[in-house]
Each structure stands twice: as structure tokens, then as C-alpha cells.
Asks: 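Below is a structure I'd like to ask you about.
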Amino acid sequence: QVQLVESGGGLVQAGDSLRLSCGISGRTFSSYAMGWFRQAPGKERELVAACNSVGTRTNYADSVKGRFTISRDNAAKTVYLEMNTLKPEDTAVYYCTANLIFSRLLIDTGNYWGQGTQVTVSS
């Protein structure tokens, strides 16, 4: 069984930056595609960013492209989401996710999930 734990969320002002971290345990991290989804109140959960198991392929939501960067450290069994120039519309609970198959992670099919970390951006 895979366990994911997110950290790094908080309350910031518009224009600030945050870095989210997600550690994996229970399985071999390097085998998994990893990603971040978010869910705002009253909204559907949406893909924010994802990368394949070796970090050679990334996907970003149009709303965060150019501002957010996903990266991974397989030795540390950790995936990161660097969020820059944060906007109030980025406010959401951010969830770390993992899947052995990259294409399935992207469409949220059979993903493993963390508990989420709250990001709040004030104006």
C-alpha cells in the first residue's frame, strides 16, 4: 500500500511563493508517476501538474503554466510543487497523487492520494 504525505501549505499574500512537498512510503518511489491536483470550494478537483517516473515529461494546467513547476527527487522519495506569483484563484486544497501509469494519473484513474494541504492566497 502506498502512503503519501503533503506539506508546505499555508496562508500567503498575492504575489508570494510557496513550495509544496510530498513524500511517498510503502513502495518504490522511482516507479511512480507523480502529480498534484487541487480542489477549491464548490469546484471539481482539477489537475495542476504532473510528471512521469523519470521526470522527462510534465503536464500543467493552463492556469498555472509559467508560474508553477513540478520536480522530483527520487533518492529522497519526494515530489515538489514550486508555486510562484500566487493569485487568489490559486486558493484550494492541494492533493499529492501517484500512479504507476502516467496516462492514468492524468485522468485520475486508480490514483493513490494524500490527505491534502491547504493553500490560501489573500489579496
Side-chain angles (χ1 to χ4, degrees):
Q1 293 159 306
V2 174
Q3 296 182 12
L4 303 171
V5 180
E6 305 98 330
S7 63
L11 173 63
V12 298
Q13 297 183 43
D16 285 354
S17 298
L18 280 174
R19 189 177 77 162
L20 306 183
S21 300
C22 175
I24 188 171
S25 63
R27 296 292 186 272
T28 303
F29 177 80
S30 61
S31 298
Y32 286 85
M34 303 293 296
W36 295 89
F37 284 69
R38 68 185 181 188
Q39 187 167 27
K43 303 291 181 64
E44 294 293 315
R45 180 178 287 175
E46 64 174 351
L47 175 70
V48 178
C51 64
N52 64 4
S53 62
V54 294
T56 58
R57 172 73 191 276
T58 58
N59 288 73
Y60 294 95
D62 288 342
S63 60
V64 307
K65 194 171 298 182
R67 298 189 297 120
F68 291 11
T69 303
I70 188 170
S71 62
R72 63 190 296 155
D73 184 340
N74 285 358
K77 300 181 179 181
T78 304
V79 64
Y80 305 96
L81 184 67
E82 180 70 33
M83 304 185 293
N84 298 313
T85 318
L86 283 160
K87 304 175 180 180
E89 52 263 44
D90 295 318
T91 296
V93 177
Y94 284 70
Y95 297 92
C96 180
T97 190
N99 200 306
L100 285 170
I101 303 173
F102 186 49
S103 61
R104 291 185 177 181
L105 181 146
L106 295 175
I107 61 173
D108 189 10
T109 301
N111 290 3
Y112 296 97
W113 294 99
Q115 293 299 115
T117 186
Q118 176 72 46
V119 173
T120 302
V121 184
S122 66
S123 58

Asks: Find out if a path of hydrophobic residues (ILVMFWY) with successive side-chain heavy-atom gaps under 4.5 Å connects Val2 to Phe29.
Replies: yes
Asks: Give the minimum heavy-atom separation between Val48 and Phe68, together with the two atoms involved.
Replies: CG1-CD2, 3.6 Å
Asks: Minimum heavy-atom separation for Gly9 and Val119, please, with both atom names.
Replies: CA-CG2, 4.1 Å
Asks: Does Tyr60 have Arg67 sitting over its ring (NZ/CZ under 6.0 Å from centre, angle to axis within 45°)?
Replies: no
Asks: About how many Å separate CG of Asn99 and CG of Asn111, when rounded to the nearest 0.5 Å?
Replies: 4.5 Å
Asks: Would you say Ser53 and Tyr32 make side-chain contact, with heavy atoms under 4.5 Å?
Replies: no
Asks: Taking Trp36's backbone N and O only, do any of them form a donor-acceptor pair with Thr97's side chain (distance below 3.5 Å, no angle check)?
Replies: no
Asks: Quick one: do Asp90 and Lys87 make a salt bridge, cutoff under 4.0 Å?
Replies: no
Asks: For Ala49 and Leu81, which heavy atoms make the closest approach, and how far apart are they?
Replies: CB-CD1, 3.9 Å
Asks: Does the side chain of Val12 reach to within under 4.5 Å of the side chain of Met83, using non-hydrogen atoms?
Replies: no
Asks: Using the side chain to side chain contact (heavy atoms under 4.5 Å, CB included) rule, take Met34 and Cys96 through it: C-alpha gap first, then chi angles, then the decisive distance, then the call.
Replies: CA-CA 7 Å; Met34 303 293 296; Cys96 180; 3.8 Å; yes
Asks: Compare all side-chain heavy atoms of Tyr95 with those of Arg45 and state whether any distance is below 4.5 angstrom.
Replies: yes
Asks: What distance do Leu86 atom CG and Ser122 atom OG have between them, rounded to the nearest 0.5 Å?
Replies: 10.5 Å
Asks: Could you tell me the separation between the OG1 atom of Thr69 and the CG atom of Asn84, rounded to the nearest 0.5 Å?
Replies: 6.5 Å
Asks: If every non-hydrogen atom of Leu4 is compared with every non-hydrogen atom of Cys22, which pair is closest and at what distance?
Replies: CB-SG, 4.0 Å
Asks: Any side-chain heavy-atom pair from Val121 and Asp16 closer than 4.5 angstrom?
Replies: no
Asks: Heavy-atom distance under 4.5 Å between the side chains of Ser17 and Glu82, does that happen here?
Replies: yes
Asks: More than 12 heavy atoms of other residues, nucleotides or ligands under 6.0 Å from CD of Glu89: is that the case?
Replies: yes
Asks: Give a yes or no on whether Gln115 atom CD has more than 12 heavy-atom contacts from other residues, nucleotides or ligands under 6.0 Å away.
Replies: no
Asks: Donor-acceptor pair, distance only, cut-off 3.5 Å: does the side chain of Asn52 make one with the backbone of Gly55?
Replies: yes
Asks: Got Cys51 and Arg72 here, is their nearest side-chain heavy-atom distance under 4.5 Å?
Replies: yes
Asks: Measure the shortest side-chain to side-chain distance between Thr117 and Ser7 over non-hydrogen atoms and say whether it is less than 4.5 angstrom.
Replies: no
Asks: Among the clusters formed by ILVMFWY side chains lying less than 4.5 Å apart, do Val64 and Val79 turn up in the same one?
Replies: yes
Asks: Might you point out which heavy atoms bring Ala61 and Leu47 nearest each other, and give the distance in Å?
Replies: CB-O, 3.4 Å
Asks: Which atoms form the tightest heavy-atom contact between Gln118 and Ala92, and what is the distance?
Replies: NE2-O, 3.4 Å
Asks: With rounding to the nearest 0.5 angstrom, report the CZ to OG distance, Arg57 to Ser103.
Replies: 10.0 Å
Asks: Just wondering, do Leu20 and Glu6 contact through their side chains at under 4.5 Å, heavy atoms?
Replies: no
Asks: Can you list everything that forms a ring-ring contact (aromatic ring centres under 6.0 Å, His included) with Phe37? Sequence neighbours excluded, please.
Replies: Trp113
